[in-house]
Amino acid sequence: QVRLVESGGGLVQAGGSLRLSCAASGNIFSINAMAWYRQAPGKQRELVATVTNGGSTTYTDSVKGRFTISRDNAKNTVHLQMNSLKPEDTAVYYCKADGLYYSGTSVPFSSWGQGTQVTVSS
């Protein structure tokens, strides 16, 4: 099916910035929405940000004003610009896409990336 590959994670000091990217590949018919999730050690996976086809975005309260999600529909790519990073942002970040792929006919899909580690030191 559709494959998602994240990149851009790493180690950064508190107050620094990182930009995550997620590229979708495969026989994609359309992508309706893309999102970023994160999972910290010992914690449940949480939704961080979403972006729809129409460009509407949502953010969890803890990242509002610091993170920005953006989407390039032509390239089937989503980004997460993370500024003013805090130690509590440390987590594995996952990309998710919902849409349709083509396999003779259009078929719904929900695909996850492999995750990229973000570590924020104090």
Side-chain angles (χ1 to χ4, degrees):
Q1 288 191 10
V2 175
R3 183 188 182 204
L4 304 180
V5 179
E6 300 105 327
S7 62
L11 175 64
V12 66
Q13 294 185 29
S17 298
L18 286 172
R19 186 173 186 256
L20 306 183
S21 298
C22 173
S25 62
N27 203 8
I28 298 168
F29 187 82
S30 65
I31 296 177
N32 297 322
M34 301 187 80
W36 287 97
Y37 290 74
R38 67 185 180 187
Q39 188 165 20
K43 298 291 187 75
Q44 296 279 87
R45 187 172 298 186
E46 67 170 339
L47 178 63
V48 177
T50 65
V51 60
T52 68
N53 271 347
S56 298
T57 59
T58 67
Y59 300 91
T60 190
D61 286 343
S62 63
V63 308
K64 287 180 179 176
R66 300 188 298 120
F67 291 11
T68 303
I69 188 170
S70 61
R71 178 177 176 179
D72 185 337
N73 291 334
K75 297 181 179 180
N76 290 323
T77 300
V78 66
H79 305 279
L80 186 68
Q81 178 66 45
M82 305 185 294
N83 298 325
S84 302
L85 283 162
K86 304 174 181 179
E88 50 263 46
D89 295 318
T90 296
V92 177
Y93 284 71
Y94 298 90
C95 177
K96 182 177 182 288
D98 296 311
L100 301 170
Y101 74 93
Y102 193 80
S103 182
T105 187
S106 60
V107 180
F109 75 87
S110 292
S111 294
W112 291 87
Q114 82 286 355
T116 185
Q117 177 71 50
V118 172
T119 303
V120 184
S121 65
S122 59

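Because the structure is predicted, anything quoted here is derived from the model rather than measured. Throughout, numbering of the chain's residues begins at 1 and tracks the sequence.
- Of the residues L11, V120, V12, the one that meets the side chain to side chain contact (heavy atoms under 4.5 Å, CB included) test with T90 is V120.
- Looking only at side-chain heavy atoms (C-beta outward), Y37 and V92 stay at 4.5 Å or farther from each other.
- Residue pairs satisfying the salt bridge (Lys or Arg N to Asp or Glu O under 4.0 Å) criterion with at least one member in residues 66-77, sequence neighbours excluded, are listed as follows: R66-D89.
- With T57 as the fixed residue, the side chain to side chain contact (heavy atoms under 4.5 Å, CB included) test singles out one of T68, V51, T50, T52: V51.
- A pairwise comparison of heavy atoms in L47 and A35 identifies CD1-CB, 3.9 Å as the closest pair.
- A distance of 5.0 Å separates OG in S121 from CD in Q13, rounded to the nearest 0.5 Å.
- Grouping Ile, Leu, Val, Met, Phe, Trp and Tyr by side-chain contacts under 4.5 Å, direct or through others, puts Y102 with F29, L100.
- To the nearest 0.5 Å, atom CG of residue L80 and atom OH of residue Y93 are 7.5 Å apart.
- Looking at Q39, its side chain never comes within 3.5 Å of a backbone N or O of A91 through a donor-acceptor pair.
- The nearest pair of heavy atoms linking N76 to I28 is ND2-CD1, 3.7 Å.
- Closest approach of N83 and S17 over heavy atoms only: OD1-OG, 2.9 Å.
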Give the C-alpha distance, both sets of side-chain angles, the deciding distance and a yes or no for side chain to side chain contact (heavy atoms under 4.5 Å, CB included) between I69 and V78. CA-CA 7 Å; I69 188 170; V78 66; 3.7 Å; yes
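- Taking OG1 of T60 as the reference point, atom CZ of R38 lies at 7.0 Å (rounded to 0.5 Å).
- Closest approach of L4 and C22 over heavy atoms only: CB-SG, 3.9 Å.
- For the pair I31 and A97, the tightest heavy-atom approach, listed with the atom from each and the gap, is CG2-CB, 4.3 Å.
- Y101 places none of its side-chain heavy atoms less than 4.5 Å from the side chain of S106.
- How far CG of D98 is from OG of S111: 8.5 Å, rounded to the nearest 0.5 Å.
- Hydrophobic clustering, with ILVMFWY side chains joined whenever heavy atoms are under 4.5 angstrom apart, keeps Y94 apart from F109.
- Distance CE/M34 to NZ/K96: 10.5 Å, rounded to 0.5 Å.
- Scanning both residues, L85 and L18, for their nearest heavy atoms gives CD1-N, 3.8 Å.
- Note that the CZ atom of R45 and the CH2 atom of W112 stand 5.0 Å from one another [nearest 0.5 Å].
- No donor-acceptor contact under 3.5 angstrom links the side chains of S7 and S21, judged on distance only.
- Side-chain contact check for M82 versus L20: some heavy-atom pair is nearer than 4.5 Å.
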